[in-house]
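Letters A, B, ... mirror the listed sequences (proteins, then strands); counts begin at 1.
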There are 2 protein chains.
Amino acid sequence: MNDRVPVPPARAARVRDTTINLTHGSGGRAMRDLIEDVFVSTFDNPALAALEDQAVFPLVSLAAHGDRLAFTTDSYVVDPLFFPGGDIGTLAAAGTVNDLAVCGATPLFLSCGVVLEEGLPVDTLRRVAASMQRVARAAGVAIVTGDTKVVERGSADKLFINTAGIGVVRAGLSISARHARAGDVVLVNGYLGDHGAAILVARQQLALEADLQSDCRPLNGLVAAMLDACPDIHCLRDATRGGVATVLNEFAQASGVAIRIREVDVPLREAVKGACEILGLDPLYLANEGILVAIVPPEDAARVLAAMRAHPDGRQAAAIGEVEPGPAGLVVLHTGFGGQRVVDMLVGEQLPRIC
Amino acid sequence: MNDRVPVPPARAARVRDTTINLTHGSGGRAMRDLIEDVFVSTFDNPALAALEDQAVFPLVSLAAHGDRLAFTTDSYVVDPLFFPGGDIGTLAAAGTVNDLAVCGATPLFLSCGVVLEEGLPVDTLRRVAASMQRVARAAGVAIVTGDTKVVERGSADKLFINTAGIGVVRAGLSISARHARAGDVVLVNGYLGDHGAAILVARQQLALEADLQSDCRPLNGLVAAMLDACPDIHCLRDATRGGVATVLNEFAQASGVAIRIREVDVPLREAVKGACEILGLDPLYLANEGILVAIVPPEDAARVLAAMRAHPDGRQAAAIGEVEPGPAGLVVLHTGFGGQRVVDMLVGEQLPRIC
């Protein structure tokens, strides 16, 4: 009786809708077409093209990169979706790459889970996916698995992205927030606060003549150069929400040491400094998306700093302070005026939905 | 001058707020306290307690489980958060465990990224985290890394969760949607549609006397028993959004075969059948969260079926059809009345936010 059964129509090659609707999250044909059209074609790799619900890789291919697996995740809810220097897609790729890089891992694979609000223009999703792929390619990672959900209009704000990441840690490294020792030197790789300031500009909460751009970028190349110069980096973390102040507090608490930094040595653009003064914000708490804090043994500090300055993502690197034996958990800033003040963890909320 | 610097106050042991506010997503102290109080204490494992931004594991510990790494992700936006038989937390843990299990992987690690709406009761989050941990423990996986974002009231609907998962595939397996062969037998492990029907009841779109419960559960134990019985399982997939019909279509398309199923052999509760008749829904498209479809060689079918029925999550397992050489991509249902109809992929949206 087979001849009486009609053959199903050929698959659509491309999504025809211009906006997202609930069928795009149904699990059925419309979702499959959206995924193939927007994600599979953009993220272009065999693992994703197989359209299985998981990506699979030989363990031996991982072992070539080191001896430990690193696994991390971040959700991205930045408002607005597009801002000077980046968008939610560049953030979603770079942010998770950076969380892998700062534990000494070579980032290899990303996942991409999106929650879409009904009514989102499909072209917005295309632009964001293209941004993710651009960053992923620059960082040498592949976006290998994903998921798409759609919620009714008003149940989410346009587009949220979650990325999880897998990397492999180089053998012999021992980077941890607990490893800061008295005498160690505190390094940063460039200007603080550009991302936070760029978001303020994008929200029109700040009218600046200056061309402020987010520093959003993958840092795995920079970290690799730093580790080549000094495999004995003690602490390393990217300073996103909560800024450099929060990372320093985390290091001081986890290591049971004090950290002393010098305001005069903290790299800061004049435009960001001015914006902070006008708005009463502290640049040490401003979010960054391309800034890391490293704590290194004093004998290696000059070599690491030189390696950072020789890398495109570390041209403005600086030594901003030192680790002291105690009081445990304390971070102190020496101000330009010769005074000092405690730099506590961020207590309130500086800027919601910064990333 | 150290003695003049005040020591920061001791950390709060527990979140005092009863509802989520924007500071819980700030990256600062309130977020850290929420994470420690709700997630670290509930998910209880050393990787998470270290409060690093990533979890790290020796590759050799993975190699004990097989030879390939599996990586998957899903976001969960189910409405309502709590429903008969489960909640968004049980879904978020079981769903990702199942995506790993059905490629033959032993699930090992989960991530947990939450997007919280300002105003969400903290106790809701505690309940959901406890559900995740209960399922994770039952499945033998650890929730090892996470992320917390908060958006303003009205920018998300209460709580979304993303989980990504890592597992290791047993050596020697070759499960793929492309591996169905003419003559293979189609198996399911139990009643279809319980999850979809339970969500309808929870939304009060369906007033049923019957005690309908979601089938939400981790299936890795069942899959392990099936693979012990037959390492040569050809296709395996959990039938979530889009239901069993969608999975069968995916298999038929990917393998270039036809699949013929018999309505009379499809396990279906009377209550679900009745609900579908009243609402005009097709149970083959109803979402499941504890149902898988397996395609196995004919000579192994009886052995796999027996192994399924011997497992608590496969008591109602049944052989529901066979694979035929063609027409490629076609799925046909033989109805109870002796007719047949094409079972196409889901074209519209049956029930939004089912998972």
Side-chain angles (χ1 to χ4, degrees), chain A residues 5-8 22-23 26-29 52-59 62-63 67-75 77 99-100 103 109 111 113 115 144-147 149 151-152 155-157 160 162 164 166 169 177 240-242 246 327 329-330 332 342 344-349 352-353, chain B residues 5-8 22-23 26-29 52-59 62-63 67-75 77 99-100 103 109 111 113 115 144-147 149 151-152 155-157 160 162 164 166 169 177 240-242 246 327 329-330 332 342 344-349 352-353:
Chain A
V5 176
V7 174
L22 291 172
T23 70
S26 64
R29 175 160 294 167
E52 301 277 355
D53 285 333
Q54 62 296 116
V56 175
F57 311 95
L59 278 177
L62 302 181
D67 58 356
R68 284 160 289 166
L69 190 81
F71 182 32
T72 190
T73 190
D74 259 326
S75 299
V77 297
D99 278 343
L100 292 170
C103 74
F109 306 119
S111 65
V115 175
V144 294
T145 188
D147 177 59
K149 293 290 188 304
V151 298
E152 317 88 317
S155 290
D157 187 10
F160 302 149
N162 176 284
I166 290 178
V169 182
T240 55
R241 280 180 294 177
T246 297
L330 188 71
V332 180
V342 171
D344 203 351
M345 275 190 87
L346 181 62
V347 173
E349 168 61 295
R353 297 183 62 186
Chain B
V5 175
V7 174
L22 292 172
T23 70
S26 65
R29 175 161 294 168
E52 302 277 356
D53 286 332
Q54 62 296 115
V56 175
F57 310 95
L59 279 177
L62 302 181
D67 58 356
R68 285 160 289 165
L69 190 81
F71 182 32
T72 189
T73 191
D74 259 327
S75 298
V77 298
D99 278 343
L100 292 171
C103 74
F109 307 119
S111 64
V115 174
V144 294
T145 189
D147 177 59
K149 293 289 189 301
V151 298
E152 318 87 317
S155 290
D157 187 9
F160 301 149
N162 176 284
I166 291 178
V169 182
T240 56
R241 280 180 293 177
T246 297
L330 187 72
V332 180
V342 171
D344 203 350
M345 276 191 85
L346 181 63
V347 173
E349 166 62 294
R353 296 181 64 185

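- With chain A as the partner, the residue from B:S75, B:G28, B:A70 showing the most heavy-atom pairs under 4.5 Å is B:S75.
- Considering CG of A:D74 and CD of B:Q54, their distance stands at 10.5 Å, rounded to 0.5 Å.
- Separating the OG atom in B:S155 from the CZ atom in A:R353 is a distance of 4.5 Å, to the nearest 0.5 Å.
- Ranking B:L22, B:D99, B:T73, B:T23 against chain A, the residue ahead of the rest is B:T73, based on heavy-atom pairs under 4.5 Å.
- Both the backbone and the side chain of A:V151 have a heavy atom closer than 4.5 Å to some heavy atom of chain B.
- Your options are A:S111, A:P58, A:A63, and the one with the most heavy-atom pairs under 4.5 Å with chain B is A:S111.
- In this structure, the side chains of A:E152 and B:D157 stay at 4.5 Å or more apart for every pair of heavy atoms.
- Heavy-atom distances place both the backbone and the side chain of A:F109 under 4.5 Å from chain B.
- When heavy atoms are compared at a cutoff of 4.5 Å, B:F160 approaches chain A solely by way of its side chain, counted from C-beta outward.
- The residue among A:L69, A:T145, A:V56 with the most heavy atom pairs within less than 4.5 Å of chain B is A:L69.
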Give the intermediate values and the outcome of side-chain contact (heavy atoms from CB on, under 4.5 Å) for residues B:R29 and A:D344. CA-CA 9 Å; B:R29 175 161 294 168; A:D344 203 351; 3.2 Å; yes
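- Contact count versus chain B (heavy atoms, under 4.5 Å) is highest, among A:V144, A:V169, A:L100, A:V115, for A:V115.
- In this structure, the side chain of A:E52 engages the main chain of B:A177 through a donor-acceptor pair within 3.5 Å.
- Contact annotation for A:T246: only side-chain heavy atoms (C-beta onward) come within less than 4.5 Å of a heavy atom of chain B.
- With hydrogens and angles disregarded, no donor-acceptor distance shorter than 3.5 Å links the side chain of B:K149 to the backbone of A:V77.
- Only the backbone of A:D67 has a heavy atom closer than 4.5 Å to any heavy atom of chain B.
- Between the B:N162 side chain and the B:G113 main chain, no donor and acceptor come within less than 3.5 Å of each other.
- Side chain of A:T72 to backbone of B:D53: a donor-acceptor contact under 3.5 angstrom is found.
- Chain B forms more heavy-atom pairs under 4.5 Å with one residue of A:C103, A:G242, A:A164, A:A55 than with any other, namely A:A55.
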